[in-house]
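First the proteins, then the strands, lettered A, B, ... as listed; each starts at 1.
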There are 2 protein chains.
Amino acid sequence: MATIQDVARDAGVSTATVSRVFSAPELVLETTRHKVMEAVTRLGYEPNFAAKSLRTLRTEKILVTVPDISNPFFSQVIRGVEEAALAAGYSVLLGDTRHEETREEQYAAMFRRKEADGLIFLGHRLPDVLAEMVAAKGPKTPIVNGCEFRPGLAVSSAHIDNERAAAEAVEYLYELGHTRVGAVTGPLASPISSDRLNGVLAAAQRHGRASALRIAIGDFSIESGVRQAGELLDEPGRPTAIFCFSDEMAMGALEAIRQRGLRCPEDVSLVGFDDIRFAQYLYPQLTTVRQPKEQIGHEVVRLLLDILADRTSTLQNVTLPHQLVVRSSTAPPSA
Amino acid sequence: MATIQDVARDAGVSTATVSRVFSAPELVLETTRHKVMEAVTRLGYEPNFAAKSLRTLRTEKILVTVPDISNPFFSQVIRGVEEAALAAGYSVLLGDTRHEETREEQYAAMFRRKEADGLIFLGHRLPDVLAEMVAAKGPKTPIVNGCEFRPGLAVSSAHIDNERAAAEAVEYLYELGHTRVGAVTGPLASPISSDRLNGVLAAAQRHGRASALRIAIGDFSIESGVRQAGELLDEPGRPTAIFCFSDEMAMGALEAIRQRGLRCPEDVSLVGFDDIRFAQYLYPQLTTVRQPKEQIGHEVVRLLLDILADRTSTLQNVTLPHQLVVRSSTAPPSA
DNA sequence: CGCTCCGATGTAATCGAAATCATCGATAAC
DNA sequence: GTTATCGATGATTTCGATTACATCGGAGCG
């Protein structure tokens with residue numbers, strides 16, 4: 001591949017001029033610019049990224065780590081990230097951590113090696129090396145958290161109000177007349193789960209139904225939905241409504257309901273979380289809490305770009321709107 | 001962030017020695033290695049990626065472009081890619097092209113700027129600049145195609161035998177006793193669709209049912225499944241079985257079937273394609289053609305690494321096994 | 001004893017572009 | 001007419017690591 005030297009020689013100018021044609025064309029005479037561009041196309045020149053990056057100390061890349069890309073919720077968020085990043089001239093380095101700490105650390109090392117200008121993590125853990133970095137550099141550290149919010153991490157973030165969203169979901173169930181409600185959570189280590197659980201508990205208490213509330217702990221996967229919802233359904237005093245902390249688990253719950261010869265919503269109402277693309281095409285169409293997935297992606301990029309452009313000096317924790325989308329998987333309990 | 005110079009000074013050695021500690025530790029005396037490592041941890045040093053990359057002309061990155069990551073089929077393939085890449089010490093740069101040519105070209109430019117050592121594209125188009133590159137460098141160009149196979153592109157690839165897979169799917173329907181079969185394809189510009197369509201046509205002909213075959217052209221999205229399957233269902237002489245070229249379109253078709261008060265499989269049998277994670281949790285559980293998604297990801301990385309390591313000099317087009325997975329969405333036509 | 005060889009380490013060139021500073025001709029100002 | 005100014009361009013340093021080559025002390029050998 002041709003270098004800037006080749007172009008300079010071919011065009012009969014210095015490398016500085018060639019460089020300027022790309023980064024500050026207004027400083028270069030129209031005619032020379034033409035000469036240079038001709039040489040560029042003739043030689044098929046593209047500026048070498050590593051060289052540019054070394055000199056400028058910028059990569060124009062954003063590293064995004066996600067617990068599981070094959071999860072449609074995350075892939076929608078990433079889509080938003082990718083879109084906003086591209087619009088700002090950044091590209092996305094993707095890291096699938098598979099919920100594994102070692103992988104999170106590998107990607108943390110990449111970030112420290114300056115393979116990306118900023119880091120967006122969609123999980124709830126921040127590897128130690130990065131936590132140190134945050135402690136040292138404060139709110140100007142180009143690290144942003146998406147979907148989750150853990151105040152102790154001291155990074156900016158964009159997310160919904162998980163506690164309120166979950167509370168609204170079960171409140172809706174109580175208002176329909178359900179009294180025995182079950183909830184299938186995600187791993188409680190993540191705020192996304194514990195916050196939602198708090199919301200569920202608070203709502204149950206407000207309605208005086210705390211003692212009839214049943215909790216099962218899942219891991220957001222379809223399979224855990226089948227299993228945990230199944231256990232709830234098999235207990236004496238079967239719940240008439242189940243709230244799953246993800247749509248995938250709700251899909252699993254639907255399966256568990258069918259396996260037991262029960263019907264949704266006649267026998268068991270079901271509420272999911274996220275509103276992934278598939279939720280409205282399930283049978284019955286799933287009532288769920290919509291998260292503004294692409295918007296979270298956009299917002300998280302905006303926060304990061306603000307830090308990178310030095311436009312901000314304080315932490316920002318942005319709460320985006322959620323919405324309970326009522327479809328056909330919920331109904332009043334049958335008499 | 002500390003540089004190699006800082007470490008060298010702090011450890012009282014030359015930069016060459018520090019560098020060797022990382023890239024060829026066996027050349028360095030145990031004691032000096034220790035001294036250096038202490039300085040490294042003391043200063044929190046990580047080698048600067050751009051500098052290393054400039055010198056070695058390698059990035060240890062693979063650029064992967066995909067038409068749509070929010071599609072669970074692709075996100076599973078990417079998972080396989082990511083896994084295999086990471087195992088080989090490469091990381092993944094993700095490009096969501098959204099089926100748009102301009103984005104494909106943007107990513108092509110990134111590749112030419114040497115932001116990645118290799119390119120895996122999961123679509124069916126190769127931007128001109130890259131086609132030229134392939135023409136110039138031949139089979140040693142580090143570009144590999146996944147999922148699709150278009151001989152004219154002259155790049156290695158990993159994919160299933162789409163024609164045979166599709167033929168088997170409809171043959172299964174004919175064997176069940178269906179005579180009026182409909183198919184919802186993807187955009188015919190991509191080999192993945194045209195190959196499958198050829199398989200469908202051939203199977204119909206073999207069974208003497210070509211004249212009763214109905215084709216509708218979708219775009220792999222759920223919504224197009226609803227629409228196109230709906231049109232097939234509304235035609236006079238309604239098909240008793242529909243074969244969709246993706247599971248997502250099959251989900252849409254299920255919806256279309258329900259909207260018309262029909263039942264699957266009693267009134268209409270349904271076959272999908274891909275076997276995404278959700279296929280077996282639909283109602284009814286979807287009969288579909290399984291693609292070895294993660295395996296395609298692994299294979300495509302293997303092909304690329306072979307090229308990068310100069311272990312190969314000929315094109316390889318690998319055909320991976322598919323499998324018709326029969327579930328509950330198909331049945332003999334009712335009398 | 002002197003020479004070669006080798007292991008360990010240092011010196012310095014190098015990768016390709018960006019950016020600072022220097023240069024040069026022309027114009028404007030006094 | 002001399003000089004400050006400015007626009008366009010060139011010369012050169014710089015970014016931070018890798019690596020070919022140089023160096024040096026000590027072991028091995030005849």
Side-chain angles (χ1 to χ4, degrees), chain A residues 1-61 89 109-117, chain B residues 1-40 43-61 89 109-117:
Chain A
M1 178 76 108
T3 72
I4 198 170
Q5 330 279 350
D6 301 330
V7 176
R9 201 176 318 117
D10 192 275
V13 300
S14 73
T15 62
T17 302
V18 178
S19 176
R20 274 188 285 257
V21 166
F22 285 91
S23 51
E26 70 280 5
L27 295 180
V28 174
L29 216 58
E30 170 83 33
T31 55
T32 28
R33 204 187 317 156
H34 256 74
K35 262 196 315 192
V36 171
M37 286 314 296
E38 271 170 26
V40 166
T41 47
R42 188 160 42 238
L43 301 176
Y45 168 75
E46 282 273 356
N48 178 294
F49 169 74
K52 176 175 184 166
S53 171
L54 174 59
R55 191 62 239 261
T56 59
L57 300 177
R58 290 158 31 80
T59 62
E60 274 148 19
K61 283 188 180 50
M110 276 182 61
F111 181 57
R112 296 194 69 236
R113 258 178 264 131
K114 298 222 169 53
E115 299 195 37
D117 297 336
Chain B
M1 179 76 109
T3 72
I4 199 170
Q5 329 279 347
D6 301 330
V7 175
R9 201 177 316 118
D10 192 275
V13 299
S14 72
T15 62
T17 303
V18 178
S19 175
R20 277 188 282 256
V21 167
F22 285 91
S23 51
E26 70 280 5
L27 295 182
V28 175
L29 216 57
E30 171 84 32
T31 56
T32 27
R33 206 187 314 157
H34 256 74
K35 266 196 313 191
V36 170
M37 287 314 294
E38 272 170 27
V40 165
L43 301 175
Y45 168 74
E46 282 274 357
N48 179 294
F49 169 74
K52 177 174 184 165
S53 171
L54 174 58
R55 190 60 236 262
T56 59
L57 300 178
R58 291 160 31 80
T59 63
E60 274 149 18
K61 283 189 180 51
M110 275 181 61
F111 180 57
R112 296 194 70 234
R113 258 178 262 131
K114 298 221 169 48
E115 299 196 37
D117 297 336

In short, side-chain hydrogen bond (donor to acceptor under 3.5 Å, both in side chains) pairs touching residues 36-46 of chain A with sequence neighbours left out are A:Asp10-A:Arg42
When rounded to the nearest 0.5 Å, the distance separating OG of A:Ser53 from CG of B:Asn48 is 7.0 Å
What nitrogen or oxygen pairs link the protein and nucleotides 20-23 of chain D at under 3.5 Å?
none

- [ ] Report yes if the side chains of B:Val28 and B:Val36 come closer than 4.5 Å at any heavy-atom pair, otherwise no.
- [x] no
Minimum side-chain heavy-atom gap A:Val13-A:Val18 below 4.5 Å: yes
Applied to residues 21-37 of chain A, the side-chain hydrogen bond (donor to acceptor under 3.5 Å, both in side chains) test, sequence neighbours excluded, yields A:Glu30-A:His34
NZ (A:Lys61) and NZ (B:Lys61) are apart, to the nearest 0.5 Å, by 6.5 Å
Checklist entry - How would you label the contact of B:Ser19 with the nucleic acid (heavy atoms, under 4.0 Å): base, sugar-phosphate, or nothing? => result base
Applying side-chain hydrogen bond (donor to acceptor under 3.5 Å, both in side chains) to B:Thr17 and not counting sequence neighbours gives B:Ser14
Residue set satisfying ring pair (Phe, Tyr, Trp, His ring centres under 6.0 Å) with A:Phe49, at least two apart, ordered chain then number -> none
Salt bridge (Lys or Arg N to Asp or Glu O under 4.0 Å) pairs touching residues 47-59 of chain B, sequence neighbours excluded, are B:Arg58-B:Glu60
Per the under-4.0 Å heavy-atom filter, residues of residues 32-57 of chain A near DNA chain D come out as A:Thr32, A:Leu54, A:Arg55
Taking 4.0 Å as the cut-off, does a side-chain nitrogen or oxygen of A:Ser14 come that near to OP1 or OP2 on D:dA11?
no
For A:Ile4 and A:Ser19, the nearest pair of non-hydrogen atoms, with its separation, is CD1-N, 3.8 Å
- Message: So A:Val21 and A:Met37, do their side chains get closer than 4.5 Å, heavy atoms only?
- Response: yes
Outer limits of DNA chain C sitting under 4.0 Å from a non-hydrogen atom of chain A, read 5' to 3', are C:dG16 to C:dA19
Rounding to the nearest 10°, end axes of the helix from C:dC1-D:dG30 to C:dC30-D:dG1 built from five pairs each make an angle of 50°
With sequence neighbours left out, the residues meeting side-chain hydrogen bond (donor to acceptor under 3.5 Å, both in side chains) with B:Arg113 are B:Glu115
Hits for side-chain hydrogen bond (donor to acceptor under 3.5 Å, both in side chains) against B:Thr59, two or more places apart or cross-chain, chain-then-number order -> B:Asp117
Hey, does A:Val18 reach any base, or is it just sugar-phosphate, or nothing, if we go heavy atoms under 4.0 Å?
nothing
